[in-house]
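In the text below, chain A, chain B and the rest are named by the order of the sequence lines, each starting its count at 1.
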There are 2 protein chains.
Amino acid sequence: MMAVSVNQALKKTLRDHELKATSQRIALLKLLNGTSEHFDAEEIYFELHKRQKNVSRATVYRSLEALVEQQLVTKLDFGDGRMRYERNQGEDEHHDHLICEACGKVIEFFNLEMEAQQIAVCEEHDFKPSSHTMHIFGTCSNCQKK
Amino acid sequence: MMAVSVNQALKKTLRDHELKATSQRIALLKLLNGTSEHFDAEEIYFELHKRQKNVSRATVYRSLEALVEQQLVTKLDFGDGRMRYERNQGEDEHHDHLICEACGKVIEFFNLEMEAQQIAVCEEHDFKPSSHTMHIFGTCSNCQKK
DNA sequence: TACGAAAATAAGACTTATTCTCATTTACGC
DNA sequence: GCGTAAATGAGAATAAGTCTTATTTTCGTA
C-alpha cells in the first residue's frame with residue numbers, strides 16, 4: 001500500500017543524508033512533511049504520541065538537530081523561548097516570516113529585493129553569510145479588526 | 001563632580017519614562033550607556049557586581065524589562081539561548097546585525113532599502129508591524145582569513 | 001525634613017526548554 | 001544471522017528566566 005512507498009522514500013532521503021533510517025526519524029519527517037504548522041519540540045513529541053509513535057523527548061531533540069544539520073529541516077526562533085521547526089521542501093524554498101503577536105499566526109513571505117540587499121550589506125562588510133533570520137512581529141489583518 | 005550630573009541626567013531619563021529612579025536602574029543604564037557590547041543578563045549582573053553595585057539577578061531582569069518597555073533599551077535575540085541588551089541611543093537608532101559565528105563579533109548596519117521592502121511586504125499582507133529582527137549569521141572578515 | 005503608601009528590591013525557590021548520561025536497543029555492512 | 005557503531009529511552013541535570021515574600025526604597029505630600 002501507499003504508506004510503504006512513502007516510508008521507502010523517507011528512508012532514502014535519510015540515507016542520502018548519511019542518517020540512519022530509524023523509525024523515529026521517519027515518523028518525525030513524515031509529521032513535518034505533512035503540515036504547514038511551525039511545531040515546537042513539545043508539540044512534535046505530543047503529535048508523535050498521538051500517532052502511536054512513542055518517541056522520547058531526547059530523541060525528538062536529537063533527531064531534529066540531525067535533520068537541521070542536514071538541512072532537511074529549518075529551526076526557527078520566534079522569540080518566545082522555544083524553537084520551532086519546519087520542513088525544507090525543495091532546494092530554494094527559503095522564506096521569511098510575519099508573526100502575529102495577537103493570535104500567533106505565521107505568514108511566510110519571500111522578497112527578492114530584500115535578499116539582494118542582504119547580500120549587498122554582507123559584501124560591504126566583507127562578511128560571508130551562512131544564514132539569516134528576518135522576522136517581522138506585529139498584528140495580522142484579522143486581529144487588527146478586533 | 002561629573003558623576004553627580006550624569007546620575008542626575010539618568011534620573012531624569014528614568015522619570016521622564018515613568019520609572020522610579022532607583023540606584024539599580026541608574027547603574028544599569030549607566031553600564032549599557034557606556035558600552036557598545038551586547039551584554040546578556042548574566043554579564044550585566046557580573047559587571048554591576050564588579051562595580052560594587054550588588055543588584056540581584058531578579059532586579060536585573062525586571063529592570064531590563066521595564067527599560068525595554070520604555071524603549072530605552074533594546075532586547076536582542078541572537079539565537080544562542082539568551083537575550084542580549086543594548087542601549088537605544090537616540091530616537092531613530094534602529095539597526096540590524098551581522099553576527100560572526102566564529103568569534104561572536106556583532107556588526108551593526110542600517111539599510112534603508114531593506115526597511116522600505118519590509119514596509120512593502122507588510123502592506124501587501126495588510127500586516128501592522130511593531131518590530132522586527134534581521135540578523136545575518138556567518139563569518140566576519142577577520143575570521144575568514146584564519 | 002519627616003511620613004506613609006506604593007513600588008522596587010534581594011534572595012532563593014520555582015519553571016520550562018533543552019541537554020546530558022548511561023544502560024539498552026537497533027540499523028545495516030559483512 | 002552477527003557484530004559494532006550509532007540511536008534510543010528514561011530520567012537526571014542544566015541554564016535562562018520568572019515568581020514569591022519579606023524587607024527596603026522612592027517620592028509626593030504635610
Problem - Over 12 foreign heavy atoms within 6.0 Å of CD, B/Glu69 - result: no
Practice task
Write down the distance between CZ (B/Phe78) and P (D/dA16), rounded to a whole number of angstrom.
Solution key: 16 Å
Exercise for the section: With ring-ring contact (aromatic ring centres under 6.0 Å, His included) as the test, would you mind laying out the steps for A/Phe109 and A/His97 before giving the verdict? Expected result: CA-CA 6 Å; A/Phe109 72 89; A/His97 298 92; 7.9 Å; no
Exercise for the section: Scan B/Glu42 against the nucleic acid and name what it touches under 4.0 Å (heavy atoms): base, sugar-phosphate only, or nothing. Expected result: nothing
Handout entry: Position toward the 5' end of DNA chain D (nearest nucleotide), A/Ala58 or B/Tyr85
Key = A/Ala58
Practice task
Please report, rounded to the nearest Å, how far the P atom of D/dT8 is from the OH atom of A/Tyr45.
Solution key: 15 Å
Exercise for the section: Tell whether B/Arg62 reaches the base of D/dG17 with its side chain through a donor-acceptor pair below 3.5 angstrom. Expected result: no
Problem - For atom CG of A/Leu64 and atom C1' of D/dA7, their distance in whole Å - result: 14 Å
Problem - Whole angstrom value for the distance that separates C1' of D/dT26 from CD of B/Gln8 - result: 14 Å
Handout entry: Short side-chain N/O contact from A/Thr22 to OP1 or OP2 of D/dA7, under 4.0 Å
Key = no
Handout entry: Distance-only donor-acceptor check, side chains B/His17 and B/Gln71, under 3.5 Å
Key = no
Exercise for the section: Report the C-alpha separation of B/His132 and B/Glu115 in whole Å, then their side-chain angles, then the decisive distance to 0.1 Å, and conclude whether the side-chain contact (heavy atoms from CB on, under 4.5 Å) test is met. Expected result: CA-CA 10 Å; B/His132 75 257; B/Glu115 304 286 324; 3.3 Å; yes
Fill in the blank from the handout: A/Lys20 has its side chain closest, among D/dA7, C/dT18, D/dA10, to D/dA7
Practice task
Would you please confirm or rule out a distance under 4.0 Å between OP1 or OP2 of D/dA7 and any side-chain N or O of A/Ser63?
Solution key: no
Exercise for the section: Classify the nucleic acid contact of B/Asn54 as base, sugar-phosphate or nothing, counting any heavy atom under 4.0 Å across all strands shown. Expected result: sugar-phosphate
Exercise for the section: Spell out, as yes or no, whether a donor-acceptor pair under 3.5 Å connects the side chain of B/His38 to the backbone of B/Leu76. Expected result: no
Exercise for the section: Using atom CD of A/Glu18 as one end and atom C1' of D/dA7 as the other, report the distance to the nearest whole Å. Expected result: 16 Å
Handout entry: B/Tyr61 side-chain proximity, nearest of C/dT19, D/dT18, D/dG9
Key = D/dT18
Problem - A/Gln24 vs C/dT26: side-chain N/O to OP1/OP2 distance below 4.0 Å - result: no
Practice task
Name the nucleic acid region contacted by B/Arg57, choosing base, sugar-phosphate or nothing; use a 4.0 angstrom heavy-atom cut-off, strictly under.
Solution key: nothing
Exercise for the section: Select from A/Glu65 and A/Ala21 the residue whose nearest nucleotide in DNA chain C is closer to the 5' end of that strand. Expected result: A/Glu65
Exercise for the section: Rounded off to whole Å, could you give me the NZ-to-C1' distance for the B/Lys53 and C/dA10 pair? Expected result: 13 Å
Completion exercise
Here the distance between atom P of D/dC27 and atom CG of B/Asp16, to the nearest Å, is 12 Å
Handout entry: B/Arg82 or B/Leu19, whichever maps to the more 5' nucleotide of DNA chain D
Key = B/Arg82
Practice task
Compare the minimum distances between each of D/dT26, D/dT8, C/dT18 and the side chain of A/Ala41, then state the nucleotide with the smallest one.
Solution key: C/dT18
Exercise for the section: Grab the CD1-P distance between A/Ile44 and C/dT18 for me, whole Å please. Expected result: 10 Å
Exercise for the section: Consider only side-chain N and O atoms of B/Asn7 and B/Lys30, and report whether a donor and an acceptor are under 3.5 Å apart. Expected result: yes
Fill in the blank from the handout: A/Ser56 has its side chain closest, among D/dG9, C/dA8, C/dA27, to D/dG9
